[in-house]
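Source: prediction; values computed, not measured. Note that the numbering runs from 1 along the sequence shown for the chain.
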Amino acid sequence: MADNKNFADKCDCSVIHQDIVNKVKEKMPGEENLYDLAELFKVFGDTTRIKILWALAESDMCVCDIAVLLNMTQSAISHQLRVLKQSRLVKNRKEGKIVFYSLDDEHVKQIFDQGLVHINEK
């Protein structure tokens, strides 16, 4: 265990590699984009929202179906769907009186799939 302690030690060199700093600085997204990205990842930080996204990756579903699947109230599911919709991760469509939810686009599934690949790496 003691060996892991040195893993995150700070850099002791006093040489600044300005060419590398400049290259990375040029490519770094603007503050607003970085803020928006951080906010997007916060949405993925809730297990209920992850379960909803997983379900919607399999099939379009209405609030009632999601509530039964996750053993939660429709009100709780509606609240989480509102958060997901505001983050443009899900969209909805009406069929008569029923509102069906689905992933907003293929990018959402790709983000989700990449996260699963990452956590399952050995």
For residues 45-56, dump all side-chain donor-acceptor pairs below 3.5 Å to protein atoms at least two apart in sequence or in another chain.
residue : atom : partner : partner atom : Å
D46     : OD2  : T48     : N            : 3.0
D46     : OD2  : R49     : N            : 2.9
R49     : NE   : V43     : O            : 2.9
R49     : NH1  : Q80     : OE1          : 2.8

- Query: Taking side chain as C-beta onward, heavy atoms only, is C62 less than 4.5 Å from D65?
  - Reply: yes
- Item | Partners meeting side chain to side chain donor-acceptor pair (under 3.5 Å) with K85 (sequence neighbours left out) | N92
- Task: To the nearest 0.5 angstrom, please state how far the CD atom of Q86 sits from the CD atom of E39.
- Result: 11.5 Å
- Same apolar cluster (I L V M F W Y, side chains within < 4.5 Å links), L81/V99: yes
- Report the residue from D104, D105, L103, L40 that forms a side chain to side chain contact (heavy atoms under 4.5 Å, CB included) with L89. L40
- Output for pair (K91 NZ, Y101 OH), nearest 0.5 Å, gives 13.5 Å
- Task: Answer yes if V83 and V108 sit in the same cluster of Ile, Leu, Val, Met, Phe, Trp and Tyr residues linked by side chain heavy atoms under 4.5 Å apart, and no otherwise.
- Result: yes
Between side-chain atoms of residues 22-34 and protein atoms elsewhere (two or more places apart, or another chain), which donor-acceptor pairs fall under 3.5 Å?
residue : atom : partner : partner atom : Å
N22     : OD1  : Q18     : NE2          : 3.0
N22     : ND2  : Q18     : O            : 3.3

- Query: Nearest 0.5 Å, what's the CE-CG distance between M61 and L70?
  - Reply: 7.5 Å
- Task: Mind jotting down which residue pairs meet the ring pair (Phe, Tyr, Trp, His ring centres under 6.0 Å) criterion with at least one end in residues 24-49? Sequence neighbours excluded, please.
- Result: none
Using distance only, find each side-chain donor-acceptor pair of residues 109-122 under 3.5 Å and give its atom names and separation, not counting sequence neighbours.
residue : atom : partner : partner atom : Å
K109    : NZ   : D113    : OD1          : 3.3
K109    : NZ   : D113    : OD2          : 3.3
N120    : ND2  : L116    : O            : 2.9

- Message: So, using side chain to side chain donor-acceptor pair (under 3.5 Å) as the criterion, who are the partners of E95 when residues are at least two apart?
- Response: R93
